[in-house]
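All chains are named by letter (A, B, ...) in the order of the sequence lines, taking the proteins before the strands, and each is independently numbered beginning at 1.
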Amino acid sequence: MNRFYITTPIYYVNAEPHIGHAYTTIVADVINRFQKMMGSKTFFLTGTDEHGDKIAQAARAEGIPPKAYADRISGLFQNIWPKLGIDYDKFIRTTDPEHIQAVQYVLQKVFDAGEIYFSTYKGLYCVGCERFYMERELVDGKCPDHDTAPVEREESNYFFRMSKYQDWLIDHLEKNPECIRPERYRNEVLSFLKEPLEDLCISRPAERLDWGIPLPFDSKYVTYVWFDALINYISAIGYPEGELYGQFWPVAQHVIAKDILKPHGIYWPAMLKAAGVPMYRNLNVHGYWKTGEAKMSKSHGTVVRPLDLAPVYGLDAFRYFLMREMVFGLDASFSKEALVARINADLANDLGNLFSRTLAMTDRYFEGKTPPLALPPDEAMDGELLGKVDNAIRQFREQIPALGFHRALSAIWELIAAANRYIDYVAPWSLAKNPDSLPRLQTVMRTLLEVNRIVAVLIYPFMPETSSKMLERLGVEKRGTELRLDQDASWGALVEGTPVFKGESLFPRVETEGKKQEKPAQGANKAAVAQRVEQTGSPLIDIDLFRQVDLRIGQIEQAEKVPKSEKLVKLLVDIGEKRQIVAGIAKTHSPADLVGKQVVIVANLKPAKLMGIESHGMVLAVRDGNDLKLIVPEAETAPGGRIS
RNA sequence: GGCGGUGUAGCUCAGGUGGUAGAGCAUACGGCUCAUAUCCGUAGCGUCCGGGGUUCGAAACCCUGCACCGCCA
């Protein structure tokens, strides 16, 4: 039996899941579901990366142990994946005991082989930040955060002899051109490798950073970043002795975004080689999702939160959009408008309507029972459609393993379009008027039902819920993870006489604002609108507009008065992530009173500079005479909670 | 400074080995009535960023310039 092992990166728990995480994970899920359909025995791994400076600092800022902090954010990731239809086999955390053991095992092994050495270097160190700075990172020779001059300091650490593996890696990538794909990223790695590699620093002194895995050969040091994180891919399946490791590591595939190409394309292969572990099979690298002109960035408030959109527009619609819109490897842009356009055009109009009209006619002409294939296909009429069926299945089979998701989907949609065209050409409603045409009508409707069934099978990896819904209504028992491409995409598998039912629309159209404005408001409605405007003094908005405002519960962690300003106070607010916000509330609220308070924050306000200080959000308050009162939640609430 | 990416219709973008420029959306007109105001058809719109080169033939390959975007030091 074929085996298949796919991983996502382990996500660093310093921020909430965003669309990039969602895309990577959905890609892995799609491939994994596809492999199940091909009859492979699969294993799908995801997880969280929980050690390091940033976590230790964030936890300290909240006054809780790092593990507690990591537990919370890791929980966010564990909660979101089921909501996006992700069906993984294991969720690994770098704080898991098995992982820690495996990391120490690898370190000891590489150390014993003489590939890790101890070395001392000098650098510029900021005591406030507890870290070294490069000269170019400094502002006027001072730490950008603390505005103090760093001191020269000597530190010793352990280094991995990565440089030694450069030639081997170049050779491997040249002999295995498919190893890193798409090709552009293989070229990028090869061009990195044209320059001499430096050795990799793999430790931090425990006195400076104790939130990490202790080096097995020197407990005064902890493991730093990559020797901890990357090893998850083998520790999760029981390296070195586990059965799963033996079965699945030889067929390992990683999915990553291009920002971590270097660690996965260079460090990781060198580490594997040094530890005597075989190289992974494929590294699959995708691009960035962009909103508007800039790269997605949480500091600009342009993060699209998948959890917010998936339930509004439907989880399958969201998955479809991500897989159809991005060419794997290239960047793509995300916007609500593009999402809605895809939903209306591809899902509601093409697929949803095809399904709806097919079943409505089956109801009308055959009391909702599957008719027989009474006649052989009519070459002239049915030939094109049957050709599209074959093509869609072939593209599906070829493109998904080659990461051509958009091609697989467009082939399926060509089939859907051909079926819609077929209905118009054949005009079953005309056939139905003439009793002599009954066999032909039966054949035509059965053909359409078969096409719908095959579409339902082929969209399964992308849209598992819709696939099951369609198959259920078509009276097909086998669905979901039981589907096998060989058996279930074959023509004529429906059973004559099986009842079908139409059900609700698969994908209701999403009304767009442009369309709404075209439709004149009803007379009574218009009057009501006018009256409401008069009463409140504000024009009415619809719910979509309101939903664009990202309101969240924020916990004020720090507050200080802005010098030379009587109204402004600078706040550090936790809204699930840390935000600097400048608020005009100093006249009524002293900084000391503000710390610890929970307030309501507009989280997606465009950043602004007030008195030269950047503000990334706004605190809501109500004016009451001369007084100003903050809007607060009824009871203590988790920071970051979305207000709706 | 170094490296890389991108530039194709009004918009968003596809364009496996070089062979008459494509899709969706948007716009205009027409057709159908099974269907979620959906579907089908027709039409228009292109300096494939500019300039050179290779070739019988270039959006694609090579060189060069410009613009935008990343990454690294």
Side-chain angles (χ1 to χ4, degrees), chain A residues 134-137 181-198 257-263 265-266 285 287-288 290-297 321 324-366 395 398-399 402-411 413-414 416-433 441 444-445 448 452 502-512 514-516 518-519:
Chain A
M134 307 271 196
E135 208 134 337
R136 63 169 191 289
E137 292 178 289
R181 54 187 189 172
E183 197 183 3
R184 54 172 14 112
Y185 295 108
R186 169 178 175 262
N187 294 340
E188 210 163 298
V189 169
L190 283 170
S191 88
F192 282 140
L193 289 171
K194 282 183 192 147
E195 302 295 319
L197 277 184
E198 306 223 335
K258 65 183 179 183
D259 57 337
I260 46 175
L261 175 60
K262 207 169 171 180
I266 296 177
V285 189
Y288 290 142
K290 296 188 287 194
T291 53
E293 65 287 1
K295 185 185 152 187
M296 307 279 280
S297 156
F321 176 82
R324 177 66 186 80
E325 196 79 1
M326 179 177 263
V327 177
F328 191 91
L330 301 182
D331 292 353
S333 40
F334 185 97
S335 68
K336 205 182 83 175
E337 290 70 28
L339 173 62
V340 168
R342 282 282 177 202
I343 291 174
N344 284 344
D346 298 359
L347 300 181
N349 296 354
D350 294 347
L351 172 58
N353 189 45
L354 172 65
F355 190 70
S356 164
R357 63 202 304 214
T358 303
L359 293 189
M361 286 189 281
T362 308
D363 272 343
R364 179 177 297 206
Y365 306 137
F366 304 112
Q395 293 283 332
E398 289 173 4
Q399 291 298 342
L403 311 168
F405 307 109
H406 72 296
R407 287 186 182 144
L409 284 169
S410 69
W413 256 257
E414 270 181 45
I416 292 169
N420 275 321
R421 245 186 336 264
Y422 177 79
I423 295 179
D424 275 42
Y425 289 155
V426 176
W429 48 92
S430 299
L431 294 173
K433 287 177 186 151
L441 179 61
V444 164
M445 290 313 304
L448 284 166
N452 274 280
K502 182 170 172 242
E504 296 288 302
S505 293
L506 291 175
F507 298 99
R509 278 183 65 86
V510 179
E511 285 304 324
T512 56
K515 284 266 165 74
K516 268 184 192 161
E518 275 168 33
K519 283 185 191 168

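The nearest whole Å value for the distance from the CD1 atom in A/Ile416 to the C1' atom in B/U38 is 15 Å. When rounded to the nearest whole Å, the span between CD1 of A/Ile260 and C1' of B/C72 equals 17 Å. Rounding to whole angstrom units, CG of residue A/Leu359 and P of B/U36 are separated by 11 Å. One atom, CD1 of A/Ile343, and another, P of B/G24, lie 19 Å apart when rounded to the nearest Å. Between A/Phe405 atom CZ and B/C13 atom P the separation is 20 Å, expressed in whole Å. Between the P atom of B/C25 and the CH2 atom of A/Trp413 lies a distance of 14 Å, rounded to the nearest Å. Rounding to whole angstrom units, CD of residue A/Glu414 and P of B/G22 are separated by 14 Å. Residue A/Lys262 contributes atom NZ, which lies 13 Å from atom P of B/C71 at whole-angstrom precision.
Each of A/Glu188 and A/Arg342 has a nearest nucleotide on RNA chain B; the 5'-most of these lies closest to A/Glu188. Positionally, the nearest nucleotide of RNA chain B for A/Tyr365 lies more toward the 5' end than for the other of A/Lys258 and A/Tyr365.
Between B/A26 and B/C45, the distance separating the two C1' atoms is 12 Å to the nearest Å. Taking the P atom of each, B/G18 and B/A23 are spaced 23 Å apart, rounded to whole Å. As rounded to the nearest Å, B/G10 and B/A28 have C1' atoms that lie 14 Å from one another. The gap from the P atom of B/G53 to that of B/U47 amounts to 22 Å, rounded to the nearest Å. Look at the C1' atom in both B/G51 and B/C69: the space between them is 23 Å, to the nearest Å. Comparing the P positions of B/C63 and B/U27 gives a spacing of 44 Å, expressed to the nearest Å. Nucleotides B/A67 and B/G50 have their P atoms positioned 15 Å apart, rounded to a whole Å. Distance check on atom C1': B/U8 versus B/C49 gives 10 Å, rounded to whole Å.
When side chains are defined from C-beta on, A/His406 does not count as touching A/Met326, because their heavy atoms never get closer than 4.5 Å. In this structure, A/Arg181 and A/Arg186 have side chains that are not in contact, with every pair of non-hydrogen atoms separated by 4.5 Å or more. The shortest distance between side-chain heavy atoms of A/Leu351 and A/Trp413 falls below 4.5 Å. In this structure, the side chains of A/Leu506 and A/Ser356 stay at 4.5 Å or more apart for every pair of heavy atoms. Residues A/Gln399 and A/Leu409 form no side-chain contact, since every pair of their non-hydrogen atoms from C-beta on lies 4.5 Å or further apart. For the pair A/Leu354 and A/Asn452, the minimum side-chain heavy-atom distance is below 4.5 Å.
Using the Watson-Crick or G-U wobble rule with both distances under 3.5 Å, B/A43 pairs with B/U27. In a base pair of the Watson-Crick type (N1 to N3 plus N6-O4 or O6-N4) or a G-U wobble (N1-O2 and O6-N3), with each distance short of 3.5 Å, B/G18 is matched with no nucleotide. Checking B/C68 for Watson-Crick or G-U wobble geometry (two distances, each under 3.5 Å) identifies B/G5 as its partner. Nucleotide B/C32 forms no Watson-Crick or G-U wobble pair with any nucleotide shown, as no partner meets the under 3.5 Å limit on both distances. Across every strand in view, B/U38 sits unpaired, with no contact that passes the Watson-Crick or G-U test at under 3.5 angstrom. Taking a pair to require two hydrogen-bonding distances under 3.5 Å in either a Watson-Crick or a G-U wobble arrangement, B/C61 pairs with B/G53.
Residue contacts shown for A/Phe507 include a base, since a base heavy atom lies under 4.0 Å away. Nucleic acid contact for A/Pro508: base, since at least one base atom lies under 4.0 Å from a heavy atom of the residue. Within the nucleic acid shown, A/Ala360 comes within 4.0 Å of sugar-phosphate atoms alone, with no base atom in reach, counting heavy atoms only. Note on A/Gln399: a base of the nucleic acid sits closer than 4.0 angstrom, heavy atoms only. No contact: A/Asp346 has no heavy atom under 4.0 Å from any strand. Among the heavy atoms of the strands lying under 4.0 Å from A/Arg364 are primed sugar atoms or P, OP1, OP2 only; no base atom is included.
Checked against B/C40, B/U36, B/C39, the side chain of A/Arg357 finds its nearest nucleotide in B/C39. Of the candidates B/C34, B/G16, B/G41, B/G16 carries the atom nearest the A/Gln395 side chain, counting heavy atoms from C-beta on. Nearest nucleotide to the side chain of A/Asp424, out of B/G24, B/G41, B/C34: B/C34. In the set B/C40, B/C3, B/A35, B/A35 carries the atom at the smallest distance from any side-chain atom of A/Lys502. When each of B/U33, B/A35, B/C25 is scored by its nearest atom to the side-chain atoms of A/Trp429, the top-ranked nucleotide is B/U33. Residue A/His406 places its side chain closer to B/G15 than to any other of B/C40, B/A35, B/G15.
Proximity of A/Arg407 to the phosphate of B/G15: a side-chain N or O atom is located under 4.0 Å from OP1 or OP2. Between B/C39 and A/Asn349, a contact under 4.0 Å exists linking OP1 or OP2 to a side-chain N or O.
Minimum heavy-atom separation, A/Asn349 to A/Asn353: O-CB, 2.9 Å. Contact record, A/Phe507 with A/Ala348: O-CB, 3.1 Å, taken as the closest heavy-atom pair.
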Take nucleotides 6-12 of chain B nucleotide by nucleotide from the 5' end and write B, S or -, depending on whether a protein heavy atom sits under 4.0 Å from the base, only from the sugar-phosphate, or from neither. S-----S
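Electrostatic pairing of A/Asp424 and A/Arg357 counts as a salt bridge here, judged by a charged N lying under 4.0 Å from a carboxylate O.
Atoms CZ and CZ, from A/Arg407 and A/Arg324 in turn, are 11.0 Å apart once rounded to the nearest 0.5 Å. Interatomic distance, CZ of A/Phe355 versus NZ of A/Lys502, reported as 10.0 Å (0.5 Å rounding).
Glycosidic conformation of B/G10 is anti; the angle lies outside 90° of 0.
Judged by distance alone, with hydrogens and angles left aside, A/Glu183 brings no side-chain donor or acceptor close enough to the base of B/G16 to form a pair under 3.5 Å.
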